[in-house]
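What follows is a set of notes on a single structure, which appears directly below.
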Protein chains: 2
Amino acid sequence: MPLKRFDRPVILGMVGDSASGKTTLARGVARILGEDRVAAIRTDDYHRYSRAERKENGLSALDPRANYMDIIEQHLELLSQGKPILKPVYDHEKGELAAPEYVAPKPFIIVEGLLGYSSKEMRDCYDVKVYLEPDEDLRIDWKIQRDTVERGYTKDQVLASLDKRRSLSPAHIHPQRAFADIVVQFKRPAGHAEERGAHLDVRHILRPTLPHPNLAPLVDASAKNELSLDLTRDEDGKPVDVLGLSGSLTDERAAALENLLWDLIPEAGHLRANVGEFRNADNESMVSHPLALSQLLIAYHMVKAALGIHVI
Amino acid sequence: MPLKRFDRPVILGMVGDSASGKTTLARGVARILGEDRVAAIRTDDYHRYSRAERKENGLSALDPRANYMDIIEQHLELLSQGKPILKPVYDHEKGELAAPEYVAPKPFIIVEGLLGYSSKEMRDCYDVKVYLEPDEDLRIDWKIQRDTVERGYTKDQVLASLDKRRSLSPAHIHPQRAFADIVVQFKRPAGHAEERGAHLDVRHILRPTLPHPNLAPLVDASAKNELSLDLTRDEDGKPVDVLGLSGSLTDERAAALENLLWDLIPEAGHLRANVGEFRNADNESMVSHPLALSQLLIAYHMVKAALGIHVI
C-alpha cells in the first residue's frame, strides 16, 4: 500500500554503547516498515574530529565534546518537523569526515547512535526510544568482530579502545538508559559461552512510558520457558514488565509467535516481511527468533504512532 | 568596545553574478564591523554537485537545481535566530564537496553568493540586501583574472563558461536585483578602457526600503563631479536615489568624505579601520576610494540595524 500523506515523521531512537547491536536491530525494523519509507540517521556521522585528530587531542569518539551535539539536536528537531537536513558524514573505514548528504523527510526516521538521548530537546523528538544493553561479554565479542572485519582495526587495538572507554561509557552512555521506553538485553543462554547470534536469549524491559500491546495471549500460547512476561522492579526500583524470549525456540513455535504478534497490528499486515535477519561471524545471513521478536515489538510501536499521524 | 550581548545577528546579503565583486566588498565590510564579530557564509558552499558531476549532468553551478536551495533557506533561518549551523563546504580549487564546518552565531553575518535572494523565506532573513551589478566588460575582466589565477582555469575555459551562462544569468541571477536595498554599479570612467580597480566610478542605487543616511552634507562638501546624489527613476521605473562617486577623487578629498560618512555613525567610531582595500591583477593590495565609500555605506546600515538589537 503506498504512502498516503504525512504531516510529520515517526521517529525511533536506538541508543546503546558501541557494538551493542544498534545497526542490526535498526535494519530489521526498517525492513518491516519498508526501507523506502525510512530515513536512517547515525549520530556517529556527527563526530567533530577525524580519527587522526582524536588521536592528537585525546578525545574519545563517545565523548560529547568530540561530537556536534547541538547540531544533532537541531537536526532531530528539523526532522521531527518534517524538514530535510544536510547531514554530515563520518567515513568509519577511513576515519575521516566527508561531504555531507541530503536527507529528505520520510514517514519513518530511525536515529541510532551513542549519544541520542543526551538532552531533553533531543529526547522530546522521539516517538519510540530503545536502549540496547547486551551482556558485556557478548558486546565485546561483537565489537571485536565488527571493528576487525569492517573498520580495519586489529584485535589488540579494539581491546585497547574498550579499555580506554571503560570510564566513558558509565559517564556518557549508560545514563541514557533511564530515558528509554524499551531496554533490550541480549544474553547468552546458560552453558553456551560461544553463542553470539541465532540462539541468544532476549529480555525486553517495558516501561509504562509507551502503551505496550497486550502480550498475555502471546504468553498464554507459548510453551513453558519459551516466552515470559513478568512484573518486576527495574534496577532503579521502578515497576516494569519484562518480556523474555528463549533462544532455544524452534522455528515452528517462533513462526506461531510471530503470527500472533502480527495479529496485534492488523493495520500493518501489508508491511509483513522477513524479520530477524543478522550477519554471523562469517558474514553469513542468519535468522534469530529473539531478534525478530524485538524488531516486531518496536515496529508495532512505530506503526501505532504512525496511525495517530498518517495513513500508512 | 567589546560586544555586550546579542539576541539575534544582523544579516547582510551580497548577491550578484559570478565575479561581480561580492567577496571584495564583503571583506571590506567585515573589516569595518570587526572580523571576529562577523561570520561569513558563501552560498557557493551549497553546491549539490562536484565539478565532475556537473560536467556529467550538464547543470551549471548557478542553476538552482545544482544547489541545496532549501538548505540555504533553512540555514539562513537558523542563523537569523542566532543558532549555529553545520555549513557544507565546496572546495573551489578542487571542484569538490568537502567535510562541513561548524559556524557559530556571531553579531554580524555576511551571506554572499549567486542565489541568496531566490525565495521570500530567504529574503526575509536579511537586514540589508546588496546587489552587485558591475559593467559587464568589467565583470568579464574580473572573472578571467580570478578564475585563471585562483581556480586553475584557462582563459578559454572561462570564456566558454561565460558563454554557457549567458542565458542562465538572466533567468536566475538578474531577477534578484529587484529585491536589493542597494544596487552597487562599478564602471570604468570614460576613456579608461583598461581600468579595473582603484579608479573606477561607482553608482549606488538606493531604494527607499532602507532608511538611508542624510547624504546632503556629504554632497555639499564635495567638489563638483566628485560626488552626486540624484533623484531619478530606476530601470523598472521606480523612484530611487542614485549616489555616484568618481574614481578620479584625490586621496585628500576621499579622506575628507570618509570622515564625513563616519560622522554619520558616531556610535560606530570605534569600528573605524582601513577600508577600500582590494587586490589588483598582480595580487597587490591597493585602495579604492569608491570601494571604500560602498563599504562604509553598507556598514552604516549594518551598524544601525545592530543598534536596534544590541549594543555594539
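So you know, we letter chains A, B, ... as the sequences are listed, proteins then strands, and number each from 1.
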Worksheet entry | Minimum heavy-atom distance between B:Ala98 and A:Pro100, given as atom pair plus value |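 Looks like O-CD, 3.5 Å.
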Worksheet item: At a heavy-atom separation under 4.5 Å, does A:Ile71 approach chain B through its side chain, its backbone, both, or neither?
Response: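 The side chain, not the backbone.
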Table up the donor-acceptor pairs between chain A and chain B that sit under 3.5 Å, atom names plus distance.
| unit_1 | atom_1 | unit_2 | atom_2 | d |
| --- | --- | --- | --- | --- |
| A:Asp70 | OD2 | B:Tyr102 | OH | 2.4 |
| A:Gln74 | NE2 | B:Pro84 | O | 2.7 |
| A:Pro84 | O | B:Gln74 | NE2 | 2.8 |
| A:Tyr102 | OH | B:Asp70 | OD2 | 2.3 |

